[in-house]
There are 2 protein chains.
Amino acid sequence: MKNKSLLSQYSIRKTRPRLQIISVIGKFKNRHFSVEEVLKGLRRGKSKVSRASAYRAINLFSQKGLLRPIDLGKGFLLYERASQKSHHDHLYCINCGKIIEFKDQSIEKLQMKVCRKKRFHPKSHTLRITGLCKECL
Amino acid sequence: MKNKSLLSQYSIRKTRPRLQIISVIGKFKNRHFSVEEVLKGLRRGKSKVSRASAYRAINLFSQKGLLRPIDLGKGFLLYERASQKSHHDHLYCINCGKIIEFKDQSIEKLQMKVCRKKRFHPKSHTLRITGLCKECL
DNA sequence: TATTAATTGAGACTGAGTCTCAATTATATA
DNA sequence: TATATAATTGAGACTCAGTCTCAATTAATA
Ligand SMILES: [Mn+2]
Ligand SMILES: [Mn+2]
Ligand SMILES: [Zn+2]
Ligand SMILES: [Zn+2]
């Protein structure tokens, strides 16, 4: 089945909790989601997966590259399916919560340049711009 | 005295807790610091300022522009004196915790350009690059 | 100095996330 | 397929940063 092969693809051992979590995540489509939302989804589906296992699984999935954590400075992390789109950064509307994605290759290049100058070896970066979207004026 | 005038400068009402907090912050020099570190500093100096007041004061100072919050994704905020240097971004070494500051006007301009294209009104941004500093290879 | 509004401290509380450990389950091998 | 071994799980206690409440205190101002 599809979710099982997804886990093998990322060399993650297949267990019932993990498959249920993957299935809930699938329902979010393209949305960014939190671990607590995954937990709610599990509960709605009568799944008994524990909070600890949900956090463990989602950390593991991020580790293995299946998910990508997104830090919008909300005090908890959001996640997105890594395979659905490649690296990008986010605009975050403080009024309505909307998340706008963008990708800017020139910014990325300049970041690399800064790192070279400082002899810094980047592992990851977060560029988040907070403000008001056009609907919120 | 110096700290009192600092508070008037930012139109912040002068109270003993706030003056003690400012004085502890002064001791950090240029270092980025957390609220809990300020609290430790207060305790070391036998001050009885409460945790609630420390958080309240530091939020107020950030509001008023005396401090600038820095989000390194550690699960809590750090702060720096806003007047000591103008806006800049950070490289953060995951191995030794070192924070390297940088300022890149071309990156800032490209960010504005992204915002214009998306009709987004930026209020603030965080660009943090996480990785290994040259000492940590 | 008296009035009024802002600030404070104590400690209970919240929310996200981690930890422990005995019980369960997946995988590898015979 | 049965068994051994190692990985995973669930329950709930726990941590840590930060917030809240509210009566008591204190600052600004006249
Ligand atoms: Mn995204
Ligand atoms: Mn800085
Ligand atoms: Zn909006
Ligand atoms: Zn380092």
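Owing to the predicted nature of the structure, the values given are computational and were not obtained by experimental measurement. Every chain is numbered from 1, with letters handed out A, B, ... down the list of sequences. Quick note: numbers below take in every heavy atom, side chains included, and nothing from hydrogens, waters or symmetry partners.
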Using whole Å, report how far OH of B:Tyr55 lies from P of C:dA10. 16 Å

Return the polar atom pairs (N/O with N/O) between nucleotides 2-5 of chain D and the protein under 3.5 Å, or none.
none

In a check of side-chain contact (heavy atoms from CB on, under 4.5 Å) between B:Ile21 and each of B:Thr15, B:Val38, B:Leu60, which one passes? B:Val38

Is it the case that B:Lys74 and B:Ser34 place a side-chain donor and acceptor less than 3.5 Å from each other? no

Answer with yes or no whether the side chains of B:His32 and B:Glu37 bring together a donor and an acceptor at under 3.5 Å. no

Which distance, rounded to the nearest 0.5 Å, do you find between the CG of B:Asn59 and the OH of B:Tyr79? 5.0 Å

Check the pair B:Glu80, B:Arg31 against salt bridge (Lys or Arg N to Asp or Glu O under 4.0 Å), reporting the backbone distance first and the verdict last. CA-CA 7 Å; B:Glu80 60 189 3; B:Arg31 263 198 32 245; over 6 Å; no

Proximity to DNA chain D (any heavy atom under 4.0 Å), residues of residues 67-74 of chain B only: none

Take B:Arg51 and A:Gly75, find for each the nucleotide of DNA chain C with the closest heavy atom, and name the residue whose nucleotide sits nearer the 5' end. B:Arg51

Step through the shown structure and confirm whether more than 12 heavy atoms of other residues, nucleotides or ligands are within 6.0 Å of CZ on A:Arg119. no

Hey, is NZ on B:Lys134 packed in by over 12 heavy atoms from elsewhere, all under 6.0 Å? no

Which atoms of nucleotides 6-8 of chain C (N or O only) lie under 3.5 Å from a protein N or O atom, and what are those distances?
from: C:dA6; atom 1: O3'; to: B:Arg13; atom 2: NE; distance (Å): 3.3
from: C:dT7; atom 1: OP1; to: B:Arg18; atom 2: NH1; distance (Å): 3.2
from: C:dT7; atom 1: OP1; to: B:Arg18; atom 2: NH2; distance (Å): 3.2
from: C:dT8; atom 1: OP1; to: B:Thr15; atom 2: OG1; distance (Å): 2.6

